[in-house]
Number of protein chains: 2
Amino acid sequence: MTDYRQMTLKDLAQKLCVSTATISNAFNRPDQLSPALRERILKEARRLGYHGPDAKARSLRTGRSRIIAVILAESLTYSLNDAVASEFLSGVAEVLDAHGHTLLLLPGRGHASQPPGSANIADGFIAYGQMPNSKVIDDLPAQRTLVAVDFDIEGCPTVHIDDTAASYKIAQHALRYLPKRPAIINLRITQKACNGRVTPEHTLLPNTSTISRARLEGFHSALIEQAVDIDQVPLWNIEENTFEVCSPVIAEILDQPPEQRPDLLLCMSDRIALTVLTLAEQRGIRVPEDLRITGFDGIAEGQYRAPRLTTVRQDSVGKGRVAAQMILGRIPLAQQLLETELLLGDTCP
Amino acid sequence: MTDYRQMTLKDLAQKLCVSTATISNAFNRPDQLSPALRERILKEARRLGYHGPDAKARSLRTGRSRIIAVILAESLTYSLNDAVASEFLSGVAEVLDAHGHTLLLLPGRGHASQPPGSANIADGFIAYGQMPNSKVIDDLPAQRTLVAVDFDIEGCPTVHIDDTAASYKIAQHALRYLPKRPAIINLRITQKACNGRVTPEHTLLPNTSTISRARLEGFHSALIEQAVDIDQVPLWNIEENTFEVCSPVIAEILDQPPEQRPDLLLCMSDRIALTVLTLAEQRGIRVPEDLRITGFDGIAEGQYRAPRLTTVRQDSVGKGRVAAQMILGRIPLAQQLLETELLLGDTCP
DNA sequence: AGGCAAAACTTAATCGATTAAGCTAATTAT
DNA sequence: ATAATTAGCTTAATCGATTAAGTTTTGCCT
């Protein structure tokens with residue numbers, strides 16, 4: 001019987017015998033009409049079930065949706081369970097929310113099962129940790145702002161840290177103890193997938209290509225500085241930063257005979273380092289006596305536990321804040337480099 | 001000079017000397033035009049920098065945006081760092097993505113700094129863990145679907161677990177060891193804020209009001225069944241499920257003289273239980289010998305560590321999946337009750 | 001070759017708002 | 001008292017698509 005079409009501004013205008021412009025002004029520009037009328041309109045709107053101007057129509061007309069999209073590197077499922085990505089997102093969300101914007105989450109290219117489509121509803125885009133050759137920008141509407149985080153796009157404002165310097169810093173700290181058998185566990189540094197020990201056949205990605213690669217450079221610099229032959233330092237690669245994928249590789253490392261087993265593991269992420277720690281504890285390997293472990297990121301999980309993880313903290317939340325502020329035009333679009341901080345925990349004091 | 005207005009479908013139509021309908025069809029209904037023409041259109045579109053139909057206009061015209069909004073209970077900042085909420089979101093995201101939808105994140109009412117506004121762009125809403133008297137629905141467009149998760153709205157499809165039964169189950173397990181001094185740590189069960197020991201002055205929320213309250217009921221049932229006087233069981237309340245807020249309260253509990261200190265702590269969440277575990281480890285309190293600990297949720301962090309947390313797992317990811325499938329109409333809108341599972345870890349074997 | 005159906009396009013109305021420009025009536029200035 | 005300004009409201013164009021209905025072209029059948 002009654003018609004279930006949603007009530008529009010026009011319907012409301014007709015019922016109240018005023019123009020649509022006036023209704024619109026009642027919601028958007030209070031100074032354009034008498035307070036009495038505005039009051040009446042808002043009251044009647046509520047009574048008749050009109051919940052304010054339709055966002056779709058409004059965004060079409062004004063050209064702005066108050067939505068900012070974050071394009072993640074991985075699938076949403078992965079990203080939401082990754083502490084670093086989550087912290088980053090929470091920084092973004094905090095700033096967006098403070099300025100009346102909302103957050104749209106997009107999976108990385110190659111992870112979306114459908115073409116973007118609805119994504120270009122956003123007023124601006126924050127691309128997070130994409131691959132260097134990433135084509136994210138290619139199908140983004142040209143007019144809208146894009147901020148790149150943790151990777152570079154030519155001529156695009158970016159937010160990042162100096163990964164090489166940071167990893168150099170922690171490796172330098174760890175090497176002060178002159179480990180007998182240092183080893184490195186890295187994330188996705190080989191051209192083709194490799195879950196395990198990296199051999200010469202596995203070609204490494206180019207030096208500056210990804211964050212992982214940059215961090216490996218830092219480790220290497222510190223090792224070279226200590227006159228360690230980096231070719232003698234076992235390098236392990238892991239394809240995904242999750243406990244499930246890390247575990248078997250790390251088990252393989254730890255299950256070597258004690259005299260071959262590393263006594264220092266420089267890990268490219270806290271997730272890896274924490275997995276090492278868990279597996280070491282399960283095996284009764286003493287940390288740091290038998291094995292020193294360092295991480296990278298400074299996620300909460302590594303600090304709110306005993307023993308605390310020795311790591312280098314990057315301000316992921318801050319990254320998110322800065323990126324969001326840039327997108328909203330609160331700070332100038334620029335190349336922002338954030339600081340990192342050594343966290344001396346118990347796993348490599 | 002050149003005009004920076006974004007290129008529209010109409011512009012493209014003019015350049016190619018075809019009608020706008022044809023362009024639109026080239027993007028949306030391939031069967032409506034000859035393959036040759038379609039090919040030409042897509043190619044020229046790419047060449048001229050037309051990235052496909054504008055999402056704002058399209059969503060206005062079609063009435064659908066392919067965006068689903070999740071209304072969280074807390075601020076986005078909190079939710080994104082909470083493992084349970086993140087797992088839930090990742091379940092939602094997984095299903096949405098598989099069906100070409102995207103995810104818009106909205107902070108809970110009272111956490112947004114601005115009125116919703118752009119939120120009603122979504123095709124459907126999933127409200128997560130709201131307070132029982134929550135007014136979320138009130139300013140939601142009436143026509144759109146709403147699914148409630150972990151709380152109830154009259155006449156609204158819901159997804160939840162039987163919190164009381166689940167907490168009864170784990171408490172029952174823990175009580176088999178006939179603890180001398182059991183105690184309970186709960187989350188937000190008092191009328192007004194209370195961070196610490198709950199005394200008679202602190203009125204409790206009504207029985208069925210929140211999840212926390214439901215879980216407390218389960219603990220109590222199990223205690224009563226063991227003929228324990230529940231008024232003698234210390235009850236502690238915590239206002240926020242974070243390490244920072246939990247710590248001082250838990251320190252207070254653990255720093256009591258050993259003969260007064262609880263030998264069993266039934267915790268309402270894994271976050272609380274893990275904080276207990278960390279602080280106990282720091283103090284050299286042996287778990288489970290001196291202190292047994294149980295959690296609730298089954299988050300990854302509690303299982304991927306040594307000792308593993310004894311807890312009851314709820315399938316948060318599954319909750320998200322089911323909620324998303326309902327919203328998308330893949331499964332009927334209904335009241336869904338998911339199963340829980342006892343995880344026998346090392347903290348209360 | 002004529003008739004008819006299907007294929008390939010076009011026309012034009014529409015989605016639900018915003019906003020510049022215009023119009024009256026009321027107020028202020030001279 | 002009259003002109004000038006302002007307040008308060010309306011008119012109508014516009015944002016950029018989609019899609020039902022209509023038109024022309026092509027292909028097929030007898």
Side-chain angles (χ1 to χ4, degrees), chain A residues 3-41 45 48-66 117-123 141-144, chain B residues 3-41 45 48-66 117-123 141-144:
Chain A
D3 104 279
Y4 283 112
R5 198 173 49 88
Q6 91 166 326
M7 163 160 269
T8 72
L9 186 145
K10 201 167 162 188
D11 299 336
L12 187 60
Q14 252 153 24
K15 294 219 179 162
L16 300 191
C17 298
V18 295
S19 74
T20 60
T22 300
I23 305 277
S24 175
N25 285 332
F27 282 97
N28 304 309
R29 307 193 295 186
D31 56 309
Q32 296 292 304
L33 73 173
S34 65
L37 179 55
R38 184 172 126 97
E39 199 56 40
R40 185 166 78 95
I41 291 175
L48 296 169
Y50 178 73
H51 294 287
D54 179 75
K56 300 184 184 67
R58 178 208 283 252
S59 69
L60 170 59
R61 185 58 243 246
T62 63
R64 293 180 316 105
S65 60
R66 312 208 115 226
S118 63
N120 73 17
I121 208 158
D123 293 341
Q143 272 64 27
R144 270 158 271 180
Chain B
D3 102 281
Y4 283 111
R5 197 173 50 86
Q6 90 166 328
M7 163 161 269
T8 71
L9 186 146
K10 203 167 162 188
D11 299 337
L12 187 60
Q14 252 153 25
K15 295 218 177 161
L16 299 190
C17 297
V18 295
S19 73
T20 60
T22 300
I23 305 278
S24 176
N25 285 332
F27 282 97
N28 304 308
R29 308 194 293 187
D31 56 310
Q32 296 291 303
L33 72 173
S34 65
L37 179 55
R38 183 172 126 97
E39 200 55 41
R40 186 167 77 95
I41 290 176
L48 296 169
Y50 178 74
H51 294 287
D54 179 75
K56 300 183 186 61
R58 177 208 283 252
S59 69
L60 170 59
R61 184 58 243 247
T62 64
R64 293 178 318 104
S65 59
R66 312 206 117 229
S118 64
N120 74 18
I121 209 159
D123 293 341
Q143 272 65 26
R144 270 157 271 181

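These values consider heavy atoms only, across backbone and side chains, with no hydrogens, waters or symmetry-generated copies.
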Once you apply a heavy-atom cut-off of 4.0 Å, does [X] come out as touching a base, just sugar-phosphate, or nothing?
X	value
A/Thr22	base
B/Ser24	base
B/Tyr50	sugar-phosphate

(message) Pair A/Leu37, A/Arg40 - check side-chain contact (heavy atoms from CB on, under 4.5 Å), show working.
(response) CA-CA 5 Å; A/Leu37 179 55; A/Arg40 185 166 78 95; 3.9 Å; yes
(message) Let's see if you get this right: which residues in residues 9-19 of chain A place a heavy atom under 4.0 Å from DNA chain C?
(response) A/Leu9
(message) Heavy-atom nearest nucleotide on DNA chain D for B/Ala57 versus B/Ala21: which residue maps closer to 5'?
(response) B/Ala57
(message) Both B/Leu60 and B/Asn25 contact DNA chain D. Taking the nearest nucleotide for each, which residue is further toward the 5' end?
(response) B/Leu60
From [atom1] of [X] over to [atom2] of [N], roughly how many Å is that when rounded to an integer?
X	N	atom1	atom2	result
A/Ile121	D/dA17	CD1	P	13 Å
B/Gln32	D/dG22	CD	P	16 Å
B/Arg64	D/dT18	CZ	P	12 Å
B/Ile23	D/dT19	CD1	P	16 Å
B/Arg29	C/dT10	CZ	C1'	13 Å
A/Arg58	C/dT19	CZ	C1'	13 Å
A/Arg61	D/dG16	CZ	P	9 Å
A/Ile41	D/dG8	CD1	C1'	11 Å

Determine yes or no for a side-chain-to-main-chain donor-acceptor pair under 3.5 angstrom, with [X] supplying the side chain and [Y] the backbone.
X	Y	value
A/Ser24	A/Thr20	no
A/Ser65	A/Ile121	yes
A/Ser59	A/Ala55	yes
B/Arg38	B/Leu33	no

(request) Enumerate the residue pairs fulfilling ring pair (Phe, Tyr, Trp, His ring centres under 6.0 Å) with a member in residues 5-26 of chain B, sequence neighbours excluded, ordered by first and then second residue. (result) none
(message) In the structure I gave you, are the side-chain heavy atoms of B/Ile23 and B/Val18 within less than 4.5 Å of one another anywhere?
(response) yes
(message) With nearest nucleotide decided by heavy atoms, which residue, B/Leu37 or B/Thr62, maps closer to the 5′ end of DNA chain C?
(response) B/Leu37
